[in-house]
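Structure record follows, encoded as structure tokens.
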Amino acid sequence: GTDQQKILEEKKRLDSPRWSNDGNHIYYLQSNEMTQDLMKIKISSNTSEEVPKAIQTGLQAHGFSLTRDNKKLCYTKYDVYSNLWKFTKNKKTEQFEPKKLTTGTGYYSQPKISPNGNKILFIQDGNIFKMTIDGDSVKQLTFLNSPCISPSWNSDGEQIAFISGTNLNTIFSEGGTPTVFKNTKTGSDLFWQPNSEIFYEKEGNHNFYIFNHIKQENKLLVSNDSVGWMLHPRLSPDGLKVAIWWNRTLNTERVRSLWIISREDSSQKFLLGGDIFPLKWSDDSKWIYTFNSGKTQAEILRINSETRSTEIIFTLPLGRIQHWDVDVMPDGKTIVCAIQETNSDVWM
């Protein structure tokens with residue numbers, strides 16, 4: 001625990017340090033955009049003056065090991081990819097039927113179903129794309145250098161809100177030049193509600209701003225900024241209630257749970273504990289369709305906003321599914337999600 005010595009400081013990510021067998025060098029992986037370089041640095045009393053040497057470049061390595069004579073390298077190649085799936089309830093069998101909408105080893109994420117149920121937005125390579133609900137007629141909508149996240153349709157499907165950089169943006173659903181709202185500083189989550197308001201995460205805090213994009217006016221969803229971390233605000237179609245996932249204090253304990261905030265009197269109602277993320281309200285504003293990520297196989301739940309009664313609508317297939325990668329229609333009969341898969345091999 002003594003004689004601490006800084007070996008190397010880099011702006012690039014450094015991983016998996018390994019001693020050489022003679023104890024005079026350290027091997028490590030250094031990120032180089034999408035690949036890794038195997039590096040070697042000599043350990044001495046003046047290591048900070050030593051220049052690292054690249055042994056092998058262009059690896060897709062997750063971890064590595066060297067033989068005792070340092071002549072053979074063994075490493076794990078690790079790929080993560082994601083594809084979009086649609087699950088549609090069959091009227092006769094009452095069972096959900098799957099359809100894979102995308103294929104390959106790309107990374108598709110954050111699908112959002114259009115209000116009329118005919119189109120899907122999604123993110124690929126940092127930009128927003130649009131396609132039909134059946135996976136046809138793919139069209140790229142944005143061509144930005146800064147990654148786009150959290151796309152959301154407006155109520156008539158004519159416009160799309162999204163985050164790029166630290167600002168809220170809108171674009172017409174047929175494409176074009178985005179409108180950037182310079183007076184917004186966002187986090188990573190937004191949703192265009194059934195009215196003209198856009199709820200977006202406040203930068204540096206876990207409250208949400210309610211933004212009127214026509215008047216360009218902001219107001220906070222809750223007045224107290226220190227009540228916990230919020231995600232996925234969803235306004236009911238009648239405009240009276242906001243369902244939200246909230247990591248906040250309940251009876252002196254921090255609880256991850258689903259809440260309802262009244263737009264009439266700002267009262268707050270605990271609904272259900274756990275990682276239950278609201279996705280969509282039913283058209284009658286009575287039920288909330290939610291994503292339960294707390295199970296080995298994630299579930300789509302339907303929860304009554306008054307009685308708290310809960311139904312399991314569908315159990316999703318095995319595979320990593322993030323809470324921002326699921327959407328559902330207001331009738332609960334069409335579900336779209338991105339399912340993450342991994343593939344790893346050992347190379348020598």
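Each of Trp85, Phe129, Phe122 was scored for a ring pair (Phe, Tyr, Trp, His ring centres under 6.0 Å) with Tyr108, with one residue passing: Phe122. Tested against Asp327 for a salt bridge (charged side-chain N to carboxylate O under 4.0 Å, His left out), the candidates Lys119, Lys86, Arg234, Lys280 yield a single pass: Lys280.
With sequence neighbours excluded, no residue forms a side-chain hydrogen bond (donor to acceptor under 3.5 Å, both in side chains) with Ser196. With sequence neighbours left out, Asn118 forms a side-chain hydrogen bond (donor to acceptor under 3.5 Å, both in side chains) with no residue at all. When the side-chain contact (heavy atoms from CB on, under 4.5 Å) test is applied to Gln110, the partners found at least two apart in sequence or on another chain are Ile123, Ile149, Ser150, Pro151, Trp324, Asp325. With sequence neighbours left out, the side-chain hydrogen bond (donor to acceptor under 3.5 Å, both in side chains) criterion links Trp229 to His206. For Ser305, there are no side-chain hydrogen bond (donor to acceptor under 3.5 Å, both in side chains) partners at least two apart in sequence or on another chain. Scored by the side-chain contact (heavy atoms from CB on, under 4.5 Å) test, Ile312 finds Glu299, Leu301, Thr315 as partners (sequence neighbours excluded).
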Worked verdict on Thr132 versus Asp134 for side chain to side chain donor-acceptor pair (under 3.5 Å): CA-CA 5 Å; Thr132 67; Asp134 291 319; 5.3 Å; no
Stepwise side chain to side chain contact (heavy atoms under 4.5 Å, CB included) check, Ile43 with Asn24: CA-CA 5 Å; Ile43 303 302; Asn24 295 326; 5.9 Å; no
Evaluation steps, side chain to side chain contact (heavy atoms under 4.5 Å, CB included), between Asp37 and Lys12: CA-CA 11 Å; Asp37 299 334; Lys12 295 181 178 180; 5.5 Å; no
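Applying the ring pair (Phe, Tyr, Trp, His ring centres under 6.0 Å) rule to pairs touching residues 151-178 yields nothing, sequence neighbours excluded. Pairs passing the salt bridge (charged side-chain N to carboxylate O under 4.0 Å, His left out) check and including a residue from residues 145-164, sequence neighbours excluded, do not occur. Annotation: ring pair (Phe, Tyr, Trp, His ring centres under 6.0 Å) contacts involving residues 296-315, sequence neighbours excluded, comprise Phe87-Phe314, Phe96-Phe314. Under the ring pair (Phe, Tyr, Trp, His ring centres under 6.0 Å) criterion, no residue pair touches residues 32-57, with sequence neighbours excluded. For the ring pair (Phe, Tyr, Trp, His ring centres under 6.0 Å) condition, the pairs that include at least one residue of residues 250-281, sequence neighbours left out, are His232-Phe277, Trp245-Phe277, Trp246-Trp259, Trp259-Phe270, Phe277-His323.
Taken from CG in Leu168 to NE2 in His213, the straight-line distance is 9.5 Å, to the nearest 0.5 Å.
Within the 3.5 Å criterion, the main-chain N or O of Thr184 finds a donor-acceptor partner in the side chain of Asn167. Remark: the backbone N or O of Leu144 is paired with a side-chain donor or acceptor of Asn127 at under 3.5 angstrom.
Side-chain contact, Glu50 with Ser44: a donor N or O sits under 3.5 Å from an acceptor N or O.
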Which donor-acceptor pairs under 3.5 Å do the side chains of residues 330-347 make with protein atoms, sequence neighbours left out?
{"unit_1": "Asp331", "atom_1": "OD1", "unit_2": "Lys333", "atom_2": "N", "d": "3.0"}
{"unit_1": "Gln340", "atom_1": "NE2", "unit_2": "Tyr107", "atom_2": "OH", "d": "2.6"}

